Amino acid sequence: MLSKKSEQGNNAEEIIKMELYAVTDGEIISIEDVKDPVFSEKMMGDGFAVEPTSDSVLAPVSGRLFQVADALHAYGIITDKGIEVLVHIGLDTVTLGAKGFKSSLKVGMLIKRGEPLATVDFDYLIEQDRKLTISVVIINGCSDLYHYELNQEAHAIAGKTIALTVLKKTDR
C-alpha cells in the first residue's frame, strides 16, 4: 500500500494504491471479456480475470477472509484498508457443490498474498461443461473514488505478476 496526501484547505486527500496479483498461471483478460454478464457488465464490481493454465488458485492480496462459499468456488478477502476482493473460480460452478474444488480455508482466517485459496480439478470442470475463467472483482469499488489499471499479460505467473493496480481516493 502506498499513500499520498495533498492538502485542500482543512481536508487532506489520501490515495491508496493496491496491487492485485495473478491468482493462477495463465492469461490475464479484461473483466469485460468474461463470458458471463454478471462479471462482464460489472454487476459485482470492476476487476480482472484469468484464463488458467494451472490448477492452483492463490490469494491476489493479503487480508481476512470474509467469505468462503460452501461450494468452495468463491472467496472474499477484505484488506486492511477496507477494500473487498472476490475471487470467483469458473463460471456456473456453484451448482457443482464443491465437487472439483479443494480448500481448507474458513471465514475469519488471515491470508497473505500468494497463499493458496483452492486447488481445482479443471478436467472435472471441463467434463461438466463449465468455463474455467477465474474472475477477481473489487466488490466495494463501484464509485468515482476508484481507478483501475489493468495489466493484460498473456503469460502471467501466479503470485508474481501484477494483474491490476487499484487507486482509491479517500478524504482524511
Side-chain angles (χ1 to χ4, degrees), residues 18-61 63 65-79 82-103 105 107 111 113-159 161-168:
M18 182 177 67
E19 296 168 329
L20 280 75
Y21 286 76
V23 292
T24 192
D25 296 344
E27 179 183 3
I28 298 170
I29 63 170
S30 169
I31 198 75
E32 290 96 348
D33 293 333
V34 174
K35 305 291 188 239
D36 182 331
V38 170
F39 296 107
S40 64
E41 295 176 15
K42 301 181 183 178
M43 292 179 200
M44 298 206 47
D46 208 335
F48 69 96
V50 180
E51 295 296 350
T53 59
S54 169
D55 64 356
S56 218
V57 180
L58 309 181
V61 294
L65 288 165
F66 69 87
Q67 176 187 7
V68 176
D70 290 340
L72 302 179
H73 73 294
Y75 301 83
I77 303 167
I78 187 165
T79 70
I83 297 173
E84 297 175 7
V85 179
L86 175 71
V87 178
H88 189 281
I89 305 168
L91 301 179
D92 298 322
T93 49
V94 67
T95 58
L96 299 177
K99 190 152 186 191
F101 298 89
K102 290 182 185 168
S103 179
L105 300 178
V107 170
I111 191 156
R113 176 185 58 83
E115 289 184 341
L117 292 174
T119 303
V120 185
D121 182 349
F122 284 119
D123 290 335
Y124 177 76
L125 269 61
I126 291 168
E127 288 170 13
Q128 300 303 308
D129 200 29
R130 301 302 197 274
K131 300 231 181 286
L132 307 181
T133 309
I134 301 171
S135 300
V136 180
V137 180
I138 310 297
I139 58 176
N140 65 341
C142 296
S143 76
D144 293 338
L145 298 176
Y146 286 80
H147 173 74
Y148 301 93
E149 297 172 3
L150 179 66
N151 174 25
Q152 286 187 277
E153 178 75 43
H155 304 288
I157 299 170
T161 304
I162 296 171
L164 186 72
T165 302
V166 179
L167 302 171
K168 178 187 176 192

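None of the values given here were measured: they were computed from a predicted structure.
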### Query
Taking all non-hydrogen atoms of both residues, which atom of Thr161 and which atom of Glu153 are closest, and how far apart?
CG2-CG, 4.0 Å
### Message
Looking at Thr24 and Ser56, would you say the former's side chain and the latter's main chain have a donor-acceptor pair under 3.5 Å?
### Response
yes
### Query
Are Leu58 and Glu115 side-chain neighbours, meaning at least one heavy-atom pair lies under 4.5 Å?
no
### Task
Using side-chain hydrogen bond (donor to acceptor under 3.5 Å, both in side chains) as the criterion, list what pairs up with Glu84, not counting sequence neighbours.
none
### Query
side-chain hydrogen bond (donor to acceptor under 3.5 Å, both in side chains) with Ser54: which residues, sequence neighbours excluded?
none
### Message
Tell me if a side-chain donor or acceptor on His155 pairs with a main-chain N or O of Ile157 at a distance below 3.5 Å.
### Response
no
### Task
Measure the spacing between CG of Asp129 and CG of Leu91 and express it to the nearest 0.5 Å.
11.5 Å
### Task
Return yes if some donor-acceptor pair links the side-chain N/O of Asn151 with the main-chain N/O of Leu164 below 3.5 Å, else return no.
no
#### Entry: Distance (rounded to the nearest 0.5 Å) between Leu125 CG and His73 NE2
11.0 Å
#### Entry: Working for side-chain contact (heavy atoms from CB on, under 4.5 Å), residues His88 and Thr93
CA-CA 9 Å; His88 189 281; Thr93 49; 4.1 Å; yes
### Task
Before giving the answer on side-chain contact (heavy atoms from CB on, under 4.5 Å), spell out for Val57 and Val50 the whole-Å C-alpha distance, their side-chain angles and the decisive distance to 0.1 Å.
CA-CA 10 Å; Val57 180; Val50 180; over 6 Å; no
#### Entry: Residue list, side-chain contact (heavy atoms from CB on, under 4.5 Å) with Glu149, at least two apart or on another chain
His147, Thr165, Leu167
### Message
For Pro52 versus Phe122, what's the shortest heavy-atom pair and its separation?
### Response
CG-CZ, 3.7 Å
### Query
What residues, two or more places apart in sequence or in another chain, satisfy side-chain hydrogen bond (donor to acceptor under 3.5 Å, both in side chains) together with Arg130?
Thr95
Side-chain atoms of residues 38-45: list all donor-acceptor pairs with protein atoms under 3.5 Å, sequence neighbours left out, distances to 0.1 Å.
unit_1	atom_1	unit_2	atom_2	d
Ser40	OG	Asp36	O	3.2
Lys42	NZ	Glu32	OE2	2.8
Lys42	NZ	Asp46	OD2	3.2

### Message
Working to the nearest 0.5 angstrom, can you tell me the gap between Leu20 CG and Arg113 CZ?
### Response
10.0 Å
### Query
Does the side chain of Asp121 reach to within under 4.5 Å of the side chain of Phe101, using non-hydrogen atoms?
no
### Message
Taking side-chain contact (heavy atoms from CB on, under 4.5 Å) as the definition, give me every residue that meets it alongside Ala98, ordered by chain and number, with sequence neighbours left out.
### Response
Leu72
### Task
May I ask you to test the Tyr75-Val85 pair for a side-chain heavy-atom distance under 4.5 Å?
no
#### Entry: Ile134 side, atom CD1; Ile28 side, atom CD1 - distance, nearest 0.5 Å
11.5 Å
### Message
Please report the interatomic distance CD1(Ile31) to OG1(Thr133), rounded to the nearest 0.5 Å.
### Response
9.5 Å
#### Entry: Distance, nearest 0.5 Å, that separates OH of Tyr21 from CZ of Phe48
11.5 Å
#### Entry: Non-hydrogen atoms of Ile78 and Phe66 that approach each other most closely
N-CD2, 3.6 Å
### Message
Which heavy atom of Leu150 sits nearest to which heavy atom of Ala163, and what is that distance?
### Response
CD1-O, 3.5 Å
#### Entry: Backbone N/O of Gly82 and side chain of Asn140: donor-acceptor pair under 3.5 Å
yes
### Taking every non-hydrogen atom, the tightest pair across Ile111 and Pro116
CD1-O, 3.8 Å
### Message
Minimum heavy-atom separation for Leu117 and Ser103, please, with both atom names.
### Response
O-OG, 2.7 Å
